[in-house]
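Being a predicted model, the structure only gives us computed values, none of them experimental. Counting starts at 1 for both ligands and their atoms, following the listed order. We count residues from 1, following the sequence as given.
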Amino acid sequence: MAERVRKLNEEPVKQDGEYVLYWAQRNRRVDSNHALLYAAALANERGLPVLTYEGLTCTYPYASDRIHTFMLQAVPGTARRLKAHGVGYVFDLSRSKADAGDALHRLAARAAAVVTDDYPLSAVPRRFDVACYAVDSSCIVPMNTFPKREYAAYTIRPKIHRALPDHFHAAEPLKVKRKWSGGISVEVTEKNIPELVASCEIDHSVQPVIGAQGGRVEAERRLERFLEDRLRRYASERNEPSNHATSGMSPYLHFGQMSSLEIALAARAYASDEFLEELIVRRELAFNFVRSVDNYETLEALPNWARATLKAHDDDPRSPCYTRERMESAATYDPLWNATQKELLLRGIIHGYYRMYWGKKIIEWSPTHQEALSTMIYLNDRYALDGRDPNGYTNILWCFGLHDRPWFNRPIFGQIRYMSLEGMKRKTDTVAYIQEIDQL
Ligand SMILES: Cc1cc2nc3c(=O)[nH]c(=O)nc-3n(C[C@H](O)[C@H](O)[C@H](O)COP(=O)(O)OP(=O)(O)OC[C@H]3O[C@@H](n4cnc5c(N)ncnc54)[C@H](O)[C@@H]3O)c2cc1C
């Protein structure tokens, strides 16, 4: 556990604190949560109960009905699970942008210590005057193991494989010695979510995804389906979108409703090296990247060769050249690309293989590389259920050469890897995919 924990300030644990507060920012789950376990250990040593605080504001970028609904759907289940473990729970929904809310600080003022998630995109709480810890429960091999920026998958892979045996075991079960005696009243129920979402000052034009359901129970159901029906086909069929051989777990991972450790342990029994490569090596490389640089949303974060080749080709003519609005409304000349964009609009996801194609074409059709980057981040973060994630920023920059190597020189792309419609037609059943999306 120690290698997962960072102390964020110099304050001591308060002797007269009433509880240990766990602030669930990213890993919004009860099971397999090292931060919650650390809070429980601190509390158990002092004979205190644990209180979990989870907030949902209207101020996060691209706050919408889609994202709010998915997050709220998890809340009743979290409340039930925490109650069963004897842990207190405050779920704090702010309805307007002006409602900054001071519930977290009020609760922290009465706590012996605050524990939160160590997550590269999260706010680091500096203002608490009690001991404050960040605990990494996002990665299987703790992020602290790799203090420097890794150049590519081939540099981090052997290090991960070396460290994995020390960390590839289930998190211990949550046990709190002193149960929470205060009540737990959470206003979110399965039924009132649409009403709550409608009352929030967020973007109501991005609708919830029909058929997508947030929360732990659904995450477990999806994992089960993946293990039973898809995982054995993953190695050979994962790059054939219409065969549905991938897990669909990324939104649940993004909101921390299930841990990558739980998924990897469940999948290990099926010996799928290809799946574990994506889930552990690629995902943890993305966390390493976002944690190591300040400018993970900019072209400045690219390796020198990629920046140089893009600069040399930024003025190349684009034909066609589309506006962001045209791309957003899936109205390009390319039926496959339009289908990927429609999948994003309607399902809140694009199949992983076509997602690369989606990104590469945005580079080809945008007036500048900078505009291509902004458009990709905007579309991905606005519509994807797994958007605003280390994987998102890393893979968007992958489209511009990050963690990749130089290829042949060509217009617009320079030496950045190119993807063509002909290539997609050769390698995948584009007709079946386009038909499937048309029927949505
Ligand atoms: C332009 C672009 C944007 C992307 N944006 C996001 C995003 O916002 N959020 C996001 O989670 N992923 C993003 N990805 C990475 C990848 O496409 C998704 O993680 C994957 O398709 C999710 O589907 P799945 O859960 O069925 O994946 P599976 O194939 O079942 O893989 C299991 C898990 O492994 C991880 N994984 C898979 N592929 C990658 C990868 N290339 N890099 C890092 N981790 C990976 C994910 O956590 C995924 O859920 C993006 C890729 C591209 C090319």
- Item | Face-on cation placement of Lys311 at Trp305 ring, 6.0 Å and 45° thresholds | no

- Could Arg410 and Tyr418 be counted as a cation-pi pair, given that NZ or CZ must be under 6.0 Å from the ring centre and within 45° of the axis? yes

- The one among Ile377, Asn380, Asp389 that brings a heavy atom closest to atom 8 (O) of ligand 1: Asn380

- Query: Of the choices Ala384, Ser250, Ala264, which has the non-hydrogen atom that lies closest to atom 25 (O) of ligand 1?
  - Reply: Ser250

Applying a strict 4.0 Å limit to heavy atoms, is [X] in contact with ligand 1?
| X | answer |
| --- | --- |
| Ala286 | no |
| Phe275 | yes |
| Gly359 | no |
| Tyr353 | no |

- Item | Check ion pair Glu201-Arg95 (N to O, under 4.0 angstrom) | no

- Task: Just need the protein heavy atom nearest to atom 4 (C) of ligand 1, so name the residue and atom and give the distance.
- Result: Arg355 NE, 3.4 Å

- Kindly check if the number of other-residue, nucleotide or ligand heavy atoms within 6.0 Å of NZ (Lys7) is above 12? yes

- Please check if the side chain of His244 supplies one atom and the backbone of Arg238 the other of a donor-acceptor pair under 3.5 Å. no

